[in-house]
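Structure first, then comments.
Sequential numbering from 1 along the given sequence is applied to the chain's residues.
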Amino acid sequence: MDLHKLIARGEGEELEFKQRTTHPHRISRTLVSLANTRGGQVLVGVDDTGRVVGVRDAEEELFVLREAAQHYIEPPLTALRFRELEEDGRTVLVVTVPESFNKPHRAQVAPGDWRGYVRVRDASVQTSGLTEKVLERQQPESRFEKIPLNKQELAVLEHLKKHPRITLAQYMRLVNFGKRRAFQTLIKLVLHGYIRHHDKEKEPYYTL
């Protein structure tokens, strides 16, 4: 495994940099988001700029990661893989998170508070109830059947290639639809796995 090539890819849907794992609460969100999406890797000992800073104690980091996977994630993640890489005397821990067959997973963010996350570009974004229902039916390599899309439906995907999110109001303006028709179109795209629905902020929005 070439650490430099991995870092050069930059953070994204399948790669996260962590200088260190400070607490199982925090890292559990990242692990859940990767497992609920397409899987990926976490590089512990690499800062946000891609600089290798190394970990002070690899065993301590492994303990926190295993605690998070077993006790701060429901259902637990049991298929994580760990590898230590050396770079100029610094140790980087590579954590591989496979896409899960047991979605949706939720992370414990506070005592008694469990929340689902998915990966949106380089961020872990909280899921909605609708997204979690979709995740229950999504398994690796057996995603929803894709359906032919019309011009107005394709407009959503084109918008999201250039922008991180779209709201119902923005979509209504984009294709000149009324509220009901626009909402039905967006939900159709969610249910067929084209986009994701998020409702944990003041205004619900959609992402790829």
Side-chain angles (χ1 to χ4, degrees), residues 1-46 52 54-55 57-87 91-145 193 196 198 207-208:
M1 182 182 294
D2 189 318
L3 182 60
H4 288 291
K5 285 185 179 178
L6 201 53
I7 292 172
R9 284 167 44 193
E11 290 186 296
E13 188 172 274
E14 297 178 20
L15 186 62
E16 171 87 0
F17 300 157
K18 289 285 185 189
Q19 194 161 330
R20 61 189 296 259
T21 57
T22 53
H23 193 281
H25 280 313
R26 296 179 65 85
I27 194 63
S28 65
R29 302 179 198 188
T30 300
L31 299 178
V32 159
S33 70
L34 291 168
N36 278 341
T37 312
R38 292 182 175 84
Q41 292 172 309
V42 183
L43 303 185
V44 185
V46 176
V52 175
V55 297
D57 186 336
E59 286 303 315
E60 183 180 328
E61 299 290 346
L62 284 167
F63 175 79
V64 173
L65 286 157
R66 290 186 175 118
E67 276 289 294
Q70 294 169 15
H71 302 297
Y72 289 78
I73 293 173
E74 182 60 41
L77 294 178
T78 58
L80 299 186
R81 299 192 303 275
F82 305 100
R83 183 174 177 182
E84 293 180 30
L85 296 179
E86 294 293 327
E87 175 67 30
T91 300
V92 172
L93 196 58
V94 182
V95 186
T96 300
V97 185
E99 181 179 356
S100 178
F101 284 91
N102 200 17
K103 303 174 185 178
H105 295 270
R106 296 179 181 89
Q108 184 183 20
V109 298
D113 187 358
W114 297 80
R115 303 183 188 186
Y117 293 87
V118 290
R119 195 80 177 160
V120 179
R121 290 182 169 84
D122 61 353
S124 299
V125 177
Q126 195 174 336
T127 56
S128 65
L130 176 60
T131 298
E132 291 194 1
K133 286 185 174 64
V134 172
L135 288 172
E136 286 175 9
R137 297 165 57 186
Q138 270 189 351
Q139 298 301 334
E141 307 307 323
S142 62
R143 302 181 185 281
F144 284 1
E145 177 187 355
R196 299 192 185 102
H198 308 273
T207 67
L208 284 177

I'd like to check the side-chain hydrogen bond (donor to acceptor under 3.5 Å, both in side chains) partners of [X]; sequence neighbours left out, ordered by chain and number.
| X | result |
| --- | --- |
| Arg106 | Glu132 |
| Glu13 | Arg38 |
| Thr30 | none |
| Glu60 | none |

Would you compute the distance between atom [atom1] of [X] and atom [atom2] of [Y] and round it to the nearest 0.5 angstrom?
| X | Y | atom1 | atom2 | result |
| --- | --- | --- | --- | --- |
| Phe17 | Gln19 | CZ | CD | 12.5 Å |
| Lys18 | Leu65 | NZ | CG | 10.5 Å |
| Gln126 | Thr131 | CD | OG1 | 10.5 Å |

How close do [X] and [Y] get, counting heavy atoms only, and between which atoms?
| X | Y | answer |
| --- | --- | --- |
| Ser124 | Ser33 | OG-OG, 2.9 Å |
| Asn102 | Pro75 | ND2-CG, 3.4 Å |
| Ile27 | Ala68 | CG2-CB, 3.5 Å |
| Glu14 | Leu34 | CA-CD2, 4.1 Å |
| Thr91 | Ala58 | CG2-CB, 4.4 Å |
| Val94 | Gln41 | CG1-NE2, 3.8 Å |

message = List the residues meeting salt bridge (charged side-chain N to carboxylate O under 4.0 Å, His left out) with Arg119, not counting sequence neighbours, and say none if there are none.
response = Glu16
key: salt bridge (charged side-chain N to carboxylate O under 4.0 Å, His left out) partners for Asp57, two or more places apart   =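 So Asp57 forms no salt bridge (charged side-chain N to carboxylate O under 4.0 Å, His left out) with any residue.
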request  = Decide yes or no on side chain to side chain contact (heavy atoms under 4.5 Å, CB included) for Leu6 and Val46, but give the supporting numbers first.
outcome  = CA-CA 11 Å; Leu6 201 53; Val46 176; over 6 Å; no
ask   = Is it true that atom CZ of Phe82 has more than 12 heavy atoms of other residues, nucleotides or ligands lying nearer than 6.0 Å?
value =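 Yes, because the 6.0 Å sphere around CZ of Phe82 holds more than 12 heavy atoms from other groups.
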message = Going by side chain to side chain contact (heavy atoms under 4.5 Å, CB included), name the residues that satisfy it together with Ala107, two or more places apart in sequence or in a different chain.
response = Ser28, Arg29, Val32, Tyr117
task = Name all pairs fulfilling the salt bridge (Lys or Arg N to Asp or Glu O under 4.0 Å) condition that reach into residues 63-86, sequence neighbours left out, sorted by first residue then second.
result =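 Listed by first then second residue: nothing to list.
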task = Decide side chain to side chain contact (heavy atoms under 4.5 Å, CB included) for Val55 and Thr21; before the verdict, give the C-alpha distance in whole Å, the side-chain angles of both, and the deciding distance to 0.1 Å.
result = CA-CA 9 Å; Val55 297; Thr21 57; over 6 Å; no
Could you tell me whether the side chain of [Y] reaches within less than 4.5 Å of the side chain of [X], counting heavy atoms only?
| X | Y | value |
| --- | --- | --- |
| Thr207 | Val118 | no |
| Leu31 | Leu80 | yes |
| His25 | Gln108 | yes |
| Leu208 | Val120 | no |

ask   = Taking only residues two or more places apart in sequence or in another chain, which ones pass ring-ring contact (aromatic ring centres under 6.0 Å, His included) with His71?
value = none
